[in-house]
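Every chain is numbered from 1, with letters handed out A, B, ... down the list of sequences. Computation of the quantities below employed the complete heavy-atom set of this structure, encompassing side-chain atoms and omitting hydrogens, waters and symmetry-equivalent molecules.
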Protein chains: 2
Amino acid sequence: MARLAGVSRATVSYVLNNTSTMRISEPTRRRVRAAAEELGYVPHAAARSLRAGHSRMVLMASPTVPLSPLYESFLGDLQAALGRMEYTVVQYGGPGCTGDAAVRAWAELRPVAVLAQSGHGLDPQGVAVLKRSGARAVLTLGPERVDGAHALLTDHSLVGQCAAAHLLARGRTRIGAVVPAERGLDVFSRPMVEGMRRAAEGTGAEVAELPLAHTEEAAARLAGRWRDLGLDAVFTYNDEYAMLLMRALQDEGVRVPAETAVMGADDLLLSRLLRPRLSTVRIELPSGQALAELVDRLVRAPGARTEAHDLLAATAVRREST
Amino acid sequence: MARLAGVSRATVSYVLNNTSTMRISEPTRRRVRAAAEELGYVPHAAARSLRAGHSRMVLMASPTVPLSPLYESFLGDLQAALGRMEYTVVQYGGPGCTGDAAVRAWAELRPVAVLAQSGHGLDPQGVAVLKRSGARAVLTLGPERVDGAHALLTDHSLVGQCAAAHLLARGRTRIGAVVPAERGLDVFSRPMVEGMRRAAEGTGAEVAELPLAHTEEAAARLAGRWRDLGLDAVFTYNDEYAMLLMRALQDEGVRVPAETAVMGADDLLLSRLLRPRLSTVRIELPSGQALAELVDRLVRAPGARTEAHDLLAATAVRREST
DNA sequence: TTGAAAGCGGTACCAG
DNA sequence: CTGGTACCGCTTTCAA
């Protein structure tokens, strides 16, 4: 920077970082600060971390699929909490940033921690590359775990289990499972169905998987053959698909819940606005603050054995549609 | 890196960057590549850009408020398109990352281009800091323009204008404008109301602003005093608020559209699922590809005068609620 | 065809 | 108290 403030860059560094081991006179400090202000000087993060040998950057690989508002706000909280701990949080990539290339791109930035959602195709080898490149913590967020990385598990089978249990308790025995036809979402929907099957096990109830695209036409088609399916209940991937299907069923004359019970997930505001009011599965995640503290611990104690943490809790919310 | 591949690091650099001015023998190339593979070597982006004096990083300041799916996908496209042009796109920050501190944080990363949405409080001085720190292009995205930055204008007054014109054409004269009570959204909602007023000008029609929080209770309260308001139409910030209000109005016995016409915005899938089907304003944005090319041009020709580009186009979609 | 060396912007020692 | 200097990992020029 402007060592045209009349001092050496070492002095500038001392002043701007408040280095306590070095005593700098007040007048000098003022001169330096004034010059920095004047020039709009901002230190060069790359140079700093090059010298330091490590950065304070936490890289969050941004989601490859649209996320529920719950996840959005969870990730926002996490980000804010990490920010308060003096980490520089950066979101990298988007749809189509997966696999080996993604890992290399992340590693180039030399983050001190990486948080990747399922869907980026992170594998044990990728984790190793990241660690060798200086990442002291690699975490995955999603229903799967990856060797070498800490897992923040969102076990969506709990959601399916919770829903199916609720429907069984309401006396339903032939249950449809609406899963998005859109690819990329099956990481979440597959465990969901599995959870439903687990809940149905031994009860004699059946679970039938029903792919559904996120369009009116697809919903109308599904509703059109609804009575042939002979189902008395359906649980959908989330409230939006539930709305979509319920609308189509009603248009088809299928009575909800008399003929078919409908249950959604995520407890969106809209679930309370539908008629009948939509029963749903409320999903809860821990506070971003708590996760930020975990990340911080992992960064400080890089030797720690990789653990798995269960994040997700699900509870059924009964309204009028079941 | 492993100059333990038996060569100097200069050679490594040549090989991995395919430097054409230097001719490296095939055997050497192979040895280098093998070693890189073996060690999981990934170059250090910071060191590279430090040496080069500039980076290929495009920093997108991530939104401070939840965005409509349309914007989400627009930004996703832009990001993908920039990625294809060999830029490293990074999203920085989130809610609460505003003002001077935000600008400094961005500048530390020495991005070659910055794209900030309205709501970060970027001011001309902030733009200057960014430019001095090496940003060759600073762009704002939103309804406001900032001195020194290129403006990608999303003029939401067009949305209001379009909606009001539609309602006027349907013979409505006392029009409510539902704006989110949540702060941070007024950057968008204020121009919207202004556009409505502009359309109503000289027609004798009136526009009344109605703040509404995104909750059932708030909607019920508003619906409770609806008849006192004496409105025959209402346009809402978006389809979600429209759904919220329409539900409350119906529960209150207000007939839609007979007594009150309701119009939303964004043309979400849900607008077609409501009964009556919701009229809405469809918003269109240019392709992310086109914007990416603009960014690229600006980066290459940093001298260019700052321009403003109008991004947003609005068209009314009439359904059953108006 | 390859290597040695300088230098990008900071930080941290050590000498003055 | 302050300045000189080495060094972080990489690119690039120049010399061998």
Side-chain angles (χ1 to χ4, degrees), chain A residues 1-33 35-36 39-57 86 88 104-105 107-112 129 132-136, chain B residues 1-33 35-36 39-57 86 88 104-112 129 132-135:
Chain A
M1 109 146 191
R3 63 222 45 172
L4 313 180
V7 300
S8 77
R9 37 184 196 160
T11 310
V12 171
S13 176
Y14 297 144
V15 172
L16 296 182
N17 294 311
N18 283 316
T19 309
S20 47
T21 61
M22 290 290 156
R23 261 89 73 87
I24 308 287
S25 69
E26 223 10 85
T28 308
R29 301 184 104 89
R30 257 194 295 278
R31 276 219 314 289
V32 171
R33 282 200 238 275
L39 300 188
Y41 169 82
V42 177
H44 194 306
R48 186 195 301 239
S49 65
L50 187 57
R51 169 66 226 222
H54 61 249
S55 73
R56 300 266 309 162
M57 180 190 295
E86 311 277 302
T88 298
R104 296 177 61 87
E108 285 196 355
L109 299 175
R110 295 292 191 276
V112 69
V129 170
R132 264 199 301 265
S133 80
R136 322 239 309 186
Chain B
M1 111 144 190
R3 62 224 42 165
L4 313 179
V7 300
S8 78
R9 38 185 194 160
T11 308
V12 171
S13 177
Y14 298 143
V15 172
L16 296 183
N17 296 312
N18 282 317
T19 308
S20 48
T21 61
M22 290 290 157
R23 260 88 74 91
I24 308 287
S25 67
E26 218 18 79
T28 308
R29 301 184 104 89
R30 256 196 296 279
R31 275 219 314 288
V32 171
R33 283 200 234 278
L39 301 187
Y41 170 82
V42 177
H44 193 307
R48 182 196 305 241
S49 67
L50 187 58
R51 168 67 226 230
H54 59 89
S55 73
R56 301 265 310 160
M57 181 189 294
E86 310 277 302
T88 298
R104 295 177 60 86
W106 303 341
E108 285 196 355
L109 298 176
R110 294 295 190 275
V112 70
V129 169
R132 264 200 300 268
S133 79

Those residues at least two apart in sequence (or on a different chain) that pass salt bridge (charged side-chain N to carboxylate O under 4.0 Å, His left out) with A:Glu26 are A:Arg30
To the nearest angstrom, how far is B:His54 atom NE2 from C:dG9 atom C1'? 15 Å
B:Arg23 side chain to B:Ser20 backbone, donor-acceptor under 3.5 Å: no
Apply the side chain to side chain contact (heavy atoms under 4.5 Å, CB included) test between B:Val15 and each candidate in B:Met22, B:Arg31, B:Arg33; give the one that qualifies. B:Arg33
Identify the pairs formed between an N or O of the protein and an N or O of nucleotides 2-6 of chain C at a distance under 3.5 Å, and give each distance.
| unit_1 | atom_1 | unit_2 | atom_2 | d |
| --- | --- | --- | --- | --- |
| C:dT2 | OP1 | B:Ser25 | OG | 3.2 |
| C:dT2 | OP1 | B:Thr28 | OG1 | 2.4 |
| C:dT2 | OP2 | B:Ser25 | N | 3.0 |
| C:dT2 | OP2 | B:Thr28 | OG1 | 3.4 |
| C:dG3 | OP2 | B:Ser8 | N | 2.9 |
| C:dG3 | OP2 | B:Ser8 | OG | 3.4 |
| C:dG3 | OP2 | B:Thr11 | OG1 | 2.9 |
| C:dG3 | O6 | B:Tyr14 | OH | 3.3 |

What integer distance in Å separates A:Arg132:CZ from D:dG9:P? 16 Å
Closest heavy-atom pair, A:Thr19 versus A:Ser13, reported as atoms and distance to 0.1 Å, is OG1-O, 4.2 Å
Does the pair B:Val7 and B:Arg29 meet the rule for a side-chain contact (heavy atoms from CB on, under 4.5 Å), with working shown? CA-CA 10 Å; B:Val7 300; B:Arg29 301 184 104 89; over 6 Å; no
Check the distance between D:dG9's C1' and B:Leu16's CG and give it to me in whole angstrom. 13 Å
Atom CD of A:Glu26 and atom P of D:dT2: how far apart are they, to the nearest Å? 10 Å
Nearest heavy atoms of A:Arg132 and B:Leu39, plus distance in Å: NE-O, 2.8 Å
Could you state the CD-P distance from A:Glu108 to D:dG9, rounded to the nearest angstrom? 16 Å
Write down the distance between CG (B:Asn17) and C1' (D:dG9), rounded to a whole number of angstrom. 13 Å
Length of the CZ-P vector between B:Arg48 and C:dG9, whole Å: 18 Å
Counting just side-chain N and O atoms, does B:Arg110 come under 4.0 Å of either OP1 or OP2 of C:dG10? yes
Over how many whole Å does the gap from B:Leu50 atom CG to D:dG9 atom C1' extend? 9 Å
For DNA chain C, whose closest nucleotide is more 5', that of A:Ser13 or that of B:Ala52? B:Ala52
